[in-house]
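Structure record follows, encoded as structure tokens.
When reading the values below, keep in mind they use all heavy atoms of this one structure, side chains included, and skip hydrogens, waters and symmetry mates. Nothing here was measured: the structure is a model prediction, and the numbers come from that model.
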Amino acid sequence: MRLNHLGAAALALCWTQLGWSATLPTDLKWESNDTDPVYADPAAQRGGTFRTFMTSFPLTLRNYGPDANGAFAGYMRENRLPLLASHPDTGNPIPMLANQWAFGADHKTMYFRINPKARWSDGVPVSADDFLFTLKMLRSKQINAPWYNNYYSTQIVDVIKFDDHTLAITSGSEKSREDLLDSLPFSPEPSHAITLDDNWVREYNWKVLPVTGPYQLSEVKKGKSVTFSRIPEWWGNDERYFQHRFNPDRIQIKVLRDLNIAWQHFLRGELDTFGLVIPNWWHDKTKTPEFDKGYINRIWFYTQTPQSPSGLYLNIDDPLLSDLNVRLGIQYALNIDKMLSTLLRGDYQRLNNYGSGQGDFTNNALKARPFDPALARDYFAKAGFTKAGPEGILQDAKGRSLSLNVIYTTSEHSQRLTLLREEAKKAGLNLELNLMDASAGFKAMLEKKHQSAWMAWSTGRYPAYWEYFHKVNAHKPQTNNIMNIDDDAITALVEQYDKEFDFAKKAELSRQIQARLYELASFVPTYQVPYTREGAWRWIKLPKEIATTKSEVLYWPLDGFNSGYSYGGLFWIDETVKKETLNAIKQGTRYPQVNIRDTRYLQP
């Protein structure tokens, strides 16, 4: 090996592979953040069991590989802390596993110093070796996760170890500080607890691994419940932005497949909180003695969170939907505005684009196509659907009916989709509604076995496009390109977006990407909800400031960093108030009703 002919990055990589340590640059300007305001409440009490629910049992406990991207993944992933997160009010980076960081002169590399206190839940220190292993793991074909294989080969191209607590992570292209902070400080896997081989997917499907967050999975009752227990003497207890957070001793998540059954559990005090964003739940279902007598509080809290791309996702690989005219017709055949004004009581707002609330990255010039049955029929006619069949549904010359199968996973949305189905008939379109279990439905979407999907992706501070729109992720299972977009124009824009260093130019590319998606007409935007509404038994307490500007929900027991911001784990259980309340129920004692509508962060 002729070391003098190797570049610095290659040399460092060789050192790493040989088990040696690279040389840390001497001109780094190390940063930290111990001055931003804390947002937890010192009055918070530790203890008790927080009882919540999910509508389906997870298909795996793995963080990667087949079926690992369902709703339950949030609980698993948020107990694996990243190096950094963002403060929910200031937006500044704050320490997580790392307590110091620096930016390289190449605009590609960030340097991190791992907090020496950081431990896995089995007591093993977190080290730079965990990040080296994670990069190797996420590039491995053995985990059967094509998206991660690609991302951690092209977007994150190197991890360099300097010592046990110091490392560098390098991007595949030059990026702004904001971009580097958003993309590089990933979460590690426990290198000491994982063996990679060809049987990894099967062997680790239900294996409980060590974590760095405050809760360890402690009990799994298949098909019934999952329980997390707080780690005794968790290493982060005294860290500035972790103090007075993550307060329950246990988090019990029951499987209750029907929301109405879950509601009855909640009214009996068997669940501690319940989401009330759905209008009829907030306006009608809360008219019960439990709310009337002040046992359960209602809170409506406006936020300034980026809004998810909620809508109907059309699978372009489907023979019917491969025709742009059909997709355009569908856009005009869905009476979203009537659904919003009637069933949803005007509580939700129309979404015009692929998400919103991300500043200049949102293309506000785009407006959702309105309900227009005549225009929809014009587009359907261009696709060959000109004859009226049974119930007025259009047919083509071969007698094929204009019918769209819609997979959805929330029973409460049945009424919404039924309204859209009846209205779509005016345009000659039939909607076949297919309610599925949440895990099975999402699996069908990832396997690309759907014709269309009624759903929403989570989002972060800035839009992510590569996994959803790049053609490399089309026509293959277990990727997030569920629309199977295989478009050279949008792929080129996405590649430019990922490489663009100038933040203003990056925002312009984002707007262009959204404009091209609008032209492709594969996504029908539906609505946005810039608030959270929740009910909670009066023994579940919140800080005086209730929540942060970026709190997606009020009673999320974990950190929330998957949203881009560290906002969660602020509530606690007051056991004294719980006993008092349960006695009051037996005696028929009333409390003043608590109905809070907090608009301090309401955006005009």
Item to complete: Inspect the contact between Asp559 and Arg245 and indicate whether a charged nitrogen and a carboxylate oxygen are less than 4.0 angstrom apart.
Response: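 Result for this pair is yes, salt bridge flagged.
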Worksheet item: Below 4.0 angstrom, N of the basic side chain to O of the carboxylate: do Lys117 and Asp238 qualify?
Response: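 So Lys117 does not pair with Asp238 through a salt bridge.
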Measure the shortest side-chain to side-chain distance between [X] and [Y] over non-hydrogen atoms and say whether it is less than 4.5 angstrom.
X	Y	result
Asp163	Lys161	no
Ser522	Ile485	yes
Met137	Tyr64	yes
Lys382	Leu328	no

Can you name the residues that form a side chain to side chain donor-acceptor pair (under 3.5 Å) with [X], not counting sequence neighbours?
X	result
Ser187	none
Ser308	none
Trp235	none

Out of curiosity, [X] [atom1] to [Y] [atom2], how far, rounded to the nearest 0.5 Å?
X	Y	atom1	atom2	value
Leu135	Asp158	CG	CG	7.5 Å
Leu558	Arg77	CG	CZ	13.5 Å
Arg80	Leu97	CZ	CG	10.0 Å
Arg533	Arg597	CZ	CZ	9.0 Å
Asp41	Phe571	CG	CZ	14.0 Å
Phe503	Glu508	CZ	CD	14.0 Å

Item to complete: Apply side chain to side chain donor-acceptor pair (under 3.5 Å) to the pair Ser510 and Gln358, showing each step before the final yes or no.
Response: CA-CA 10 Å; Ser510 175; Gln358 292 168 312; over 6 Å; no
Listed partners of [X] passing salt bridge (charged side-chain N to carboxylate O under 4.0 Å, His left out), at least two apart:
X	answer
Glu495	none
Arg240	none
Asp89	none
Asp598	Arg600

Run the side chain to side chain contact (heavy atoms under 4.5 Å, CB included) test against [X] and tell me which residues pass, sequence neighbours left out.
X	answer
Ala489	Asp487, Arg516
Asp106	Lys108, Thr109
Asp486	Lys471, Ala474, His475
Leu28	Leu24, Pro25, Trp30, Ala102, Tyr111

Verify the distance criterion only: is there a donor paired with an acceptor across the side chains of [X] and [Y] at less than 3.5 Å?
X	Y	answer
Glu447	Gln478	yes
Asn315	Asp318	no
Ser458	Glu552	no
Asn150	Thr154	yes

Worksheet entry | Stepwise side-chain contact (heavy atoms from CB on, under 4.5 Å) check, Lys338 with Leu420 | CA-CA 9 Å; Lys338 183 175 181 179; Leu420 294 179; over 6 Å; no
Worksheet item: According to the interplanar angle, ranging from 0 to 90°, do the rings of Tyr527 and Trp454 count as parallel (below 30°), tilted (30 to 60°) or perpendicular (above 60°)?
Response: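 Rings of Tyr527 and Trp454: perpendicular, over 60°.
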Worksheet item: Where does the angle between the aromatic ring planes of Tyr465 and Tyr354 fall among parallel (under 30°), tilted (30 to 60°) and perpendicular (over 60°)?
Response: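 Answer is tilted, since the angle falls between 30° and 60°.
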Worksheet item: Can you tell which of Tyr148, Tyr151, Phe561, Phe131 makes a ring pair (Phe, Tyr, Trp, His ring centres under 6.0 Å) with Phe186?
Response: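 So the option named by the test is Phe131.
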Discussion item. Testing Phe301, Trp282, Trp300 one by one against Tyr531 for a ring pair (Phe, Tyr, Trp, His ring centres under 6.0 Å), which residue passes?
Written reply: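 When Phe301, Trp282, Trp300 are each tested with Tyr531, the ring pair (Phe, Tyr, Trp, His ring centres under 6.0 Å) holds only for Trp300.
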Item to complete: Check each of Arg369, Lys367, Gln528, Gln514 against Asn352 using the side-chain contact (heavy atoms from CB on, under 4.5 Å) test, and report the only one that passes.
Response: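 Filter result, single survivor: Lys367.
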Discussion item. Within a 6.0 Å radius of atom CG on Asp502, are there more than 12 heavy atoms belonging to other residues, nucleotides or ligands?
Written reply: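 Count over threshold, so yes.
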Discussion item. Using side chain to side chain donor-acceptor pair (under 3.5 Å), reason through Arg327 and Tyr379 one step at a time and then give a plain yes or no.
Written reply: CA-CA 9 Å; Arg327 302 198 301 272; Tyr379 280 113; over 6 Å; no
Worksheet entry | Steps toward side-chain contact (heavy atoms from CB on, under 4.5 Å) verdict (Tyr497, Lys506) | CA-CA 6 Å; Tyr497 176 85; Lys506 191 178 185 73; 3.7 Å; yes
Worksheet entry | Check: Lys443 main-chain N/O paired with Lys449 side-chain donor or acceptor under 3.5 Å |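 Flag not set: sc Lys449 to bb Lys443 has no pair under 3.5 Å.
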Worksheet item: Among Asn33, Thr35, Asp36, which residue meets the side-chain hydrogen bond (donor to acceptor under 3.5 Å, both in side chains) test with Thr90?
Response: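 Checked Asn33, Thr35, Asp36 against Thr90; only one passes side-chain hydrogen bond (donor to acceptor under 3.5 Å, both in side chains): Asp36.
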Practice prompt. Run the numbers on Phe242 and Leu81 for side-chain contact (heavy atoms from CB on, under 4.5 Å), then give the verdict.
Written response: CA-CA 12 Å; Phe242 292 149; Leu81 300 179; 3.9 Å; yes
Worksheet item: For Tyr39, which residues count as a ring pair (Phe, Tyr, Trp, His ring centres under 6.0 Å) partner, sequence neighbours excluded?
Response: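 Tyr39 satisfies ring pair (Phe, Tyr, Trp, His ring centres under 6.0 Å) with His87 once adjacent residues are dropped.
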Worksheet item: Given the rule in the side-chain contact (heavy atoms from CB on, under 4.5 Å) test, do Leu312 and Leu404 qualify, once you have shown the distances and angles that lead to the verdict?
Response: CA-CA 11 Å; Leu312 186 66; Leu404 180 69; 4.0 Å; yes
